[in-house]
There are 4 protein chains.
Amino acid sequence: MGMTHLRNLVGIPGVRMRAVADVRLEAAQNGATVVRAERASDDLDGTIRASDVDAVLISTPTNTHAELIEMCVRAGKPVWCEKPVALTLEDTRRVVDVVESSGVPVMIGFMRRFDPGYAAAKRKIEAGEVGRIERFRAISCDFTPPPLGYIRTSGGIFVDMLVHDFDLARFLVGEVEEVSAWGSLLIEPGYADAGDVDTAVAMLRFANGALGVLEGSRRTTWGYDIRTEIAGSRAKLVIEAPQKTPLLTSRDLGYSGDHYESFPDRFAAAYRAELDYFFACLRDGTPPAPGVRDALESLRVALAATKSLKEGRPVRVADIQ
Amino acid sequence: MGMTHLRNLVGIPGVRMRAVADVRLEAAQNGATVVRAERASDDLDGTIRASDVDAVLISTPTNTHAELIEMCVRAGKPVWCEKPVALTLEDTRRVVDVVESSGVPVMIGFMRRFDPGYAAAKRKIEAGEVGRIERFRAISCDFTPPPLGYIRTSGGIFVDMLVHDFDLARFLVGEVEEVSAWGSLLIEPGYADAGDVDTAVAMLRFANGALGVLEGSRRTTWGYDIRTEIAGSRAKLVIEAPQKTPLLTSRDLGYSGDHYESFPDRFAAAYRAELDYFFACLRDGTPPAPGVRDALESLRVALAATKSLKEGRPVRVADIQ
Amino acid sequence: MGMTHLRNLVGIPGVRMRAVADVRLEAAQNGATVVRAERASDDLDGTIRASDVDAVLISTPTNTHAELIEMCVRAGKPVWCEKPVALTLEDTRRVVDVVESSGVPVMIGFMRRFDPGYAAAKRKIEAGEVGRIERFRAISCDFTPPPLGYIRTSGGIFVDMLVHDFDLARFLVGEVEEVSAWGSLLIEPGYADAGDVDTAVAMLRFANGALGVLEGSRRTTWGYDIRTEIAGSRAKLVIEAPQKTPLLTSRDLGYSGDHYESFPDRFAAAYRAELDYFFACLRDGTPPAPGVRDALESLRVALAATKSLKEGRPVRVADIQ
Amino acid sequence: MGMTHLRNLVGIPGVRMRAVADVRLEAAQNGATVVRAERASDDLDGTIRASDVDAVLISTPTNTHAELIEMCVRAGKPVWCEKPVALTLEDTRRVVDVVESSGVPVMIGFMRRFDPGYAAAKRKIEAGEVGRIERFRAISCDFTPPPLGYIRTSGGIFVDMLVHDFDLARFLVGEVEEVSAWGSLLIEPGYADAGDVDTAVAMLRFANGALGVLEGSRRTTWGYDIRTEIAGSRAKLVIEAPQKTPLLTSRDLGYSGDHYESFPDRFAAAYRAELDYFFACLRDGTPPAPGVRDALESLRVALAATKSLKEGRPVRVADIQ
């Protein structure tokens, strides 16, 4: 994804690629060549603090996000960072404190908000076209299950994967008050070693009275299955990409189109749009969103779901402190 | 289809099944048993003239339609008859003369007009929702090619098959002034013996200035392919049944539904609705439509297309006399 | 619905309409006239026991179902009855005992099983096309909220409405082991008087490990919203009627079709098919399904959901005795 | 479109933006700033001949294409140029001669070939998935009619607009042997001054026996309406973008998505892909396509259609010399 973000940076008005830094110098040099950055470096700290660097994009392993964000903020450099900020509440909260007390703009990459479908849904909701929201529904299924090694440190299905849906729930409907979640291990028995499930469902109760349901799976045979529905007193919105390629092919009796395989293709436009937005905010002086506080709140919902899954009872988000 | 029509008669309010007549008595008896008609007979003429028979439904070979309609009209019995009235202009015109001078209600089974999609399209057009019609597009493809024996006496692809589209063109857009048609023999080389093509295209010029295109084929591998489009100054209508069964099944990446295979399943509702309408007209004293004049006019367009195909030049419908 | 069922009876092979009985004689006479039954009566018991009556269809208020089914069974008459058998576990269980000890065929009208979409889904599941089922998802929303008077005696949103989805869950996936349900009152505040909610969500845990989510609402502005999804190790099935009329109309930029408004139009084919099947079973000597035991088991799931909603915790179906 | 092409150049591997040239220096400077080209100039010839310029992209008024392509070819610089090469057969043929005798790679921007839908269709056809092609169908409608000033010099609806469909017909099916075309003036009566129509239909006869139909319009109220269908002995392909934004919104009973408005949004990916392909060809030494000969052949079909429209009779493409 780092290379994808770099390429997306290239066309943004006013962005000049000063440096690509990576602890592996060769990787930094590769990236710098592709996007014609002025220099490559294996000195992250130095690069962040360099005087010709005005803003920083962080695309690194999850466990480095918190430290790097703090490094940028201390240097007074606006930063865009891939989600998540951190996997624990404590680490995330510490970053929130640092960021909020600094006033430095920090944006976290919950890219789905910038998908044309979700963005249009948000506009319709804000324009009152949906009326009072009554129900939220989300499904998120990956096409290919991640390896056990990833699962061991991911924080679990709610924290690493369905957190995107919790972010959308908060973005489109409002704060979540209570979560109830169940899980099953039906696909990758080996995940038991990491204490994780591969199939999960959850119910959400929102502060405004709306209710929601959520399904997640680590594997499908029919592609990357992402669909969100918002039902309200005036209308229903369905955010779903019907087919990837504008081509239908007859097969037996009937037609079929193709489907997306993964987030890089389904959300290609969103990855571009979120960076465009970040730099537009810097130019305009608008605080970019979603920020670290959003990451914190969505993480709390994910942790409530994880706790509910373990304890077999509904959990209030307020109890996740 | 006879049995289908009989079954459709059963549920119509006010319809009592007096008699089923067929030159083969056994067939008549079978039909009478299934629909609990009061009697079966192999005497068509006697049955038509029977004093307890108030109206007649004709579902017989094409070459008997004209004579049977005339028999009914002479007996003063309202009649519903499968299309076509006849394959030649002369025979059709003679029936039109007999029917129109008699005042007896006669309806011809261009059932597509009664499909919920086409009927709704007509209502929208009449309500002005489409505005001035600019373009007409139709495609009609059968799933399975008919045997050569049928082709020999069918009148050709325009007269036996695409006449349904000419009827829809007249129903939805208006009278056709000129036709230009081409054909190819790509599927069933044996049709050459009957002088027919299996693949055809045509252009239509309507009296109101609208233009149309038409495609037809005797065979597809993806089902019964019927789609009609009406584009106007205010809106476009697409009449098409998207899938037969309300079920999508994932296949590889993507989903597919199933498609209709033939007219009896695609137009099942239309076959019921046209008979409902015929008897509603009889009850109300409204002249039923489409009638024999519609059959004549659509046949003229089909004959113009046939002539155009043979002569390689546009043909005006007015020249088909 | 009584009249709909009567009309659907008319075309079934081998069915002769002996009598229509109703406690209001005039209603019975109306029905008898429309379907040409041989007689009308206000004596339900006498009609059921009449020697020329071989089978009985019950379409009466819910609170009479149990008694009428028992009456038929005592008379040895096979019976088809609208769902539910009864609103309480006790009453339903008593009928199950009576029916099962009698051996008289009894079928209950969970018509969705006979919708072409659900029936095809069942066939695909049984043929192994879906593989091991991992997730079930259902949404059921009525278009127009029922009056408070109905709500007072309906048994609540899970018992009167979402029981259809519990029946489908059992039909397509298997027995439900545990339910967790939440509800909100967002649409019809007056329902508070009946202690009911108008918006509900639930999670289902199946005995085979699959998980499910369910949404229900008493009102939408976009039609009768019924969709069911089955996701398995090999494929996903989506049962949903995409549009009612085979017509798309352009509106602004884009097209829209129309949607069903209510169960009589969405499930018209299912209502016909379930009666066809009932009589086919009688002819073949096959026990018809779903029967009273299915009604009992689906009711238990609905009662578990109702209990979960009230107690704010998951409820095991085994605890509903 | 010039700016769009410039932006698309930015991210292509190995492409360095040397110069932006425009007869209006200010426009050149604007472009150079946006894409960070090394210099801006109002000297087209000098820029083309500059030693550090290895390849040229031409995005200028149609009447300058021929001369600029020739200038590039004489300088030995590979060139990508917007379609068309020229509006007359003579001018186009002259460029073909110059290009073909030079061996310099020249690619013409018939971008639809690079849309993911059309490109996938081509692959399926070449893989034999469609079998023998029997029918081609295309519709191309603009959303907003161009001003009369454009129409006066555009060459007419077939040459400036439907030439894209003729190019697709040749790309997907094969060479066109004969065309028959009709037109009407239904939308913009003022086009009569330019001798053009705003609504057109045509039939195509391909050398391989396939038949085609085509519809075109200068205006719709429902968006940019582009759909192509290829029906063959094994399958049917439908190339159509079902909706622009991955969002369905309920409206009354039913849902609607939005549609594209014009070529820059519908074919955004294609505009990027064609330039990617051009430079990939230069790197690999593959001759890029479509080239000037394709432009010539598609123009001949368009001119045959124009002649047919004027003369009211089918015209063979071989007669357009």
Side-chain angles (χ1 to χ4, degrees), chain A residues 129-139 141 177-188 197-206 208-223 225 227 229 231-238 240 259 308-309 311-314 316, chain C residues 129-139 141 177-188 197-206 208-223 225 227 229 231-238 240 259 308-309 311-314 316:
Chain A
E129 288 185 41
V130 177
R132 177 181 182 179
I133 295 179
E134 294 161 3
R135 281 172 291 112
F136 170 83
R137 185 254 170 155
I139 179 169
C141 301
E177 223 171 54
E178 193 175 7
V179 187
S180 190
W182 286 349
S184 270
L185 198 50
L186 302 171
I187 297 163
E188 291 286 337
V197 296
D198 52 30
T199 304
V201 293
M203 299 192 296
L204 307 179
R205 188 194 302 280
F206 292 87
N208 59 18
L211 298 173
V213 293
L214 172 62
E215 281 173 87
S217 170
R218 292 288 191 180
R219 189 268 289 122
T220 76
T221 59
W222 55 90
D225 198 345
R227 181 176 168 125
E229 301 176 6
S233 58
R234 292 208 185 123
K236 181 173 175 178
L237 305 179
V238 178
E240 182 180 30
H259 208 276
S308 172
L309 172 66
E311 303 186 357
R313 61 173 188 87
R316 297 182 60 84
Chain C
E129 287 185 43
V130 176
R132 177 182 182 179
I133 295 178
E134 295 162 0
R135 282 173 291 111
F136 170 84
R137 186 255 171 153
I139 178 168
C141 301
E177 226 171 52
E178 192 175 6
V179 188
S180 190
W182 285 348
S184 270
L185 198 50
L186 301 171
I187 298 162
E188 291 285 337
V197 296
D198 51 31
T199 303
V201 292
M203 298 191 296
L204 306 179
R205 189 193 301 279
F206 292 87
N208 58 19
L211 298 173
V213 293
L214 173 62
E215 282 173 86
S217 171
R218 291 290 191 181
R219 188 267 289 120
T220 76
T221 59
W222 55 89
D225 196 346
R227 180 175 169 127
E229 301 177 6
S233 58
R234 292 208 185 121
K236 180 172 176 179
L237 306 178
V238 177
E240 181 180 31
H259 207 277
S308 171
L309 172 66
E311 303 186 358
R313 60 173 189 87
R316 297 182 62 83

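What you see below is based on every heavy atom in this structure, not just the backbone, and it leaves out hydrogens, waters and symmetry mates. Chain A is the first sequence line, chain B the second, and so forth, proteins listed ahead of strands; every chain is numbered from 1.
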>> Need one label for C:E178: side chain, backbone, both or neither, based on atoms under 4.5 Å from any heavy atom in chain A.
In response: both
> Side chain, backbone, both or neither: which part of A:D198 has an atom under 4.5 Å from a heavy atom of chain C?
Replying inline: neither
> Between C:E134 and A:T199, which heavy-atom pair has the shortest distance, and what is it?
Replying inline: O-CG2, 4.0 Å
> A:P314 and C:P314: which non-hydrogen atoms are nearest, and at how many Å?
Replying inline: CD-CD, 4.2 Å
> For A:S180 and C:S180, which heavy atoms make the closest approach, and how far apart are they?
Replying inline: OG-OG, 4.0 Å
> Are any of the side-chain nitrogens in C:K236 or A:E215 under 4.0 Å away from the carboxylate oxygens of its partner?
Replying inline: no
> Considering all heavy atoms of both residues, which atom of C:G209 and which atom of A:S184 are nearest to each other, and what is their separation?
Replying inline: O-OG, 2.7 Å
> Of the backbone (N, CA, C, O) and the side chain (C-beta and beyond), which part of A:R205 lies under 4.5 Å from a heavy atom of chain C, both, or neither?
Replying inline: both
>> Between A:W182 and chain C, with a heavy-atom cut-off of 4.5 Å, which part of the residue counts as in contact: side chain, backbone, both or neither?
In response: both
> Can you tell which of A:L204, A:T221, A:I187, A:L211 has the highest number of heavy-atom pairs within less than 4.5 Å of chain C?
Replying inline: A:L211
> Does atom CZ of C:R234 have more than 12 heavy-atom neighbours, drawn from other residues, nucleotides or ligands, at distances under 6.0 Å?
Replying inline: no
> Does the pair C:R137 and A:I139 meet the rule for a side chain to side chain contact (heavy atoms under 4.5 Å, CB included), with working shown?
Replying inline: CA-CA 10 Å; C:R137 186 255 171 153; A:I139 179 169; over 6 Å; no
> Just how far is it from atom CD1 of A:I133 to atom CG of C:L186, taken to the nearest 0.5 Å?
Replying inline: 11.0 Å
> Of the non-hydrogen atoms in C:G216 and A:R135, which two are nearest, and what is the gap between them?
Replying inline: O-CD, 4.1 Å
> Which heavy atom of A:G232 sits nearest a heavy atom of C:W222, and at what distance?
Replying inline: O-CZ3, 3.5 Å
